[in-house]
Amino acid sequence: MSYLLSITLLWAFSFSLIGVYLAGQVDAWFSVLMRIGLATLVFLPFLRPKQVPLSTAIKLMLIGAIQLGLMYVFYYQSFLYLTVPEVLLFTVMTPIYITLLNDAFEGKFHPHFMISAVIATLGAIAIRYNGIDSGFLLGFAMVQGANLCFATGQVCYKRLMKDQTIEQKTVFGFFFIGALIVATVCYAIFGNTEKL
């Protein structure tokens with residue numbers, strides 16, 4: 001529980017850090033690259049490639065590419081269109097997406113989760129009803145893209161690792177390598193070297 005509390009507090013401050021100090025001032029593609037690059041460096045010493053089947057390593061990299069690589073691409077760009085409270089508000093739908101994706105993989109559907117998603121979406125739109133413009137809608141779509149990427153990664157990682165006997169810290173480097181590939185390609189294509 002202490003780990004969960006620590007990470008929650010750390011993430012809580014990251015919203016303001018990104019939205020207030022980085023968005024619009026530091027190139028978003030560079031910010032994503034640095035965040036993922038530093039995390040990759042943290043997990044590389046724990047990586048044990050010889051203990052991991054190649055197919056599992058590739059799947060972990062693909063999951064990381066989606067859950068962190070693509071998620072951060074959408075997430076950081078959303079701060080260019082939305083305020084920090086709006087981004088926070090729109091991320092509340094992530095657990096619903098996780099449940100719906102998990103239901104899809106298991107072939108069952110819980111309609112009350114879809115109702116919750118619709119109510120959350122309507123509530124978010126009601127809060128900004130007078131100020132809805134194309135930028136707001138684009139920002140909303142980007143946060144939902146980030147939510148879906150994160151949810152997809154969560155569900156796929158859980159399903160992949162449930163039958164594995166590998167210690168998770170020894171494979172998590174693959175996860176971040178996949179994300180780093182996405183971040184590097186995005187920065188190479190879209191990055192602005194004048195806003196580092």
Side-chain angles (χ1 to χ4, degrees), residues 7-36 39 62-105 109-158 178-187 189-192 195:
I7 295 301
T8 301
L9 288 173
L10 185 65
W11 269 45
F13 289 108
S14 77
F15 284 97
S16 291
L17 172 68
I18 297 164
V20 176
Y21 298 103
L22 296 178
Q25 299 171 56
V26 177
D27 181 59
W29 307 105
F30 180 73
S31 295
V32 170
L33 179 63
M34 287 298 99
R35 184 172 184 162
I36 293 173
L62 288 172
I63 292 169
I66 294 168
Q67 184 174 344
L68 292 182
L70 289 177
M71 184 272 290
Y72 278 137
V73 163
F74 285 119
Y75 177 69
Y76 272 70
Q77 293 297 318
S78 73
F79 282 98
L80 299 174
Y81 302 95
L82 301 172
T83 64
V84 172
E86 289 168 342
V87 173
L88 277 165
L89 176 66
F90 298 152
T91 60
V92 300
M93 295 172 65
T94 305
I96 296 165
Y97 291 143
I98 290 171
T99 304
L100 291 173
L101 284 168
N102 201 51
D103 285 356
F105 276 119
F109 177 69
H110 297 99
H112 55 281
F113 291 120
M114 183 57 76
I115 293 167
S116 299
V118 170
I119 291 171
T121 304
L122 292 174
I125 291 171
I127 288 170
R128 270 292 297 263
Y129 181 73
N130 291 330
I132 292 179
D133 57 18
S134 60
F136 173 81
L137 293 175
L138 183 57
F140 177 80
M142 286 183 178
V143 175
Q144 297 319 304
N147 290 344
L148 281 168
C149 289
F150 190 84
T152 301
Q154 287 282 294
V155 172
C156 291
Y157 184 82
K158 177 188 169 200
L180 185 61
I181 291 168
V182 171
T184 303
V185 170
C186 286
Y187 177 70
I189 295 171
F190 304 111
N192 181 356
K195 295 184 76 175

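Here the structure is a predicted model, which is why all the values come from computation and not from measurement.
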Closest heavy-atom contact between Phe90 and Asn147?
-> O-ND2, 2.8 Å
Minimal non-hydrogen separation, Lys195 against Gln25, with atom names = CE-O, 3.7 Å
Glu86 vs Tyr81 side-chain heavy atoms within contact, under 4.5 Å = no
Residues in side chain to side chain donor-acceptor pair (under 3.5 Å) with Thr91, at least two apart?
-> none
Roughly how far apart are Asn192 CG and Tyr187 OH, rounded to 0.5 Å?
-> 7.5 Å
Residues that Asp103 engages under side-chain contact (heavy atoms from CB on, under 4.5 Å), provided they are two or more places apart | Thr99, Lys108, His110, Phe113
Quick one: side-chain contact (heavy atoms from CB on, under 4.5 Å) partners of Leu101, sequence neighbours excluded?
-> Ala151, Thr152, Val155
Check Gly191 against Asp27 and note the closest heavy-atom contact, atom names and distance.
-> CA-OD2, 3.5 Å
Donor-acceptor contacts under 3.5 Å from residues 62-76 side chains, at least two apart:
from: Gln67; atom 1: OE1; to: Gln154; atom 2: N; distance (Å): 3.3
from: Tyr72; atom 1: OH; to: Arg35; atom 2: NE; distance (Å): 3.1
from: Tyr72; atom 1: OH; to: Arg35; atom 2: NH2; distance (Å): 3.1
from: Tyr76; atom 1: OH; to: Arg35; atom 2: NH1; distance (Å): 3.1

How long is the span from the CG atom in Leu82 to the CG atom in Leu88, to the nearest 0.5 Å?
-> 11.0 Å
Only counting residues at least two apart or in another chain, list the ones meeting ring-ring contact (aromatic ring centres under 6.0 Å, His included) with Phe105.
-> none
Apply side chain to side chain donor-acceptor pair (under 3.5 Å) to Asn102 and list each qualifying residue two or more places apart in sequence or on a separate chain.
-> Glu106
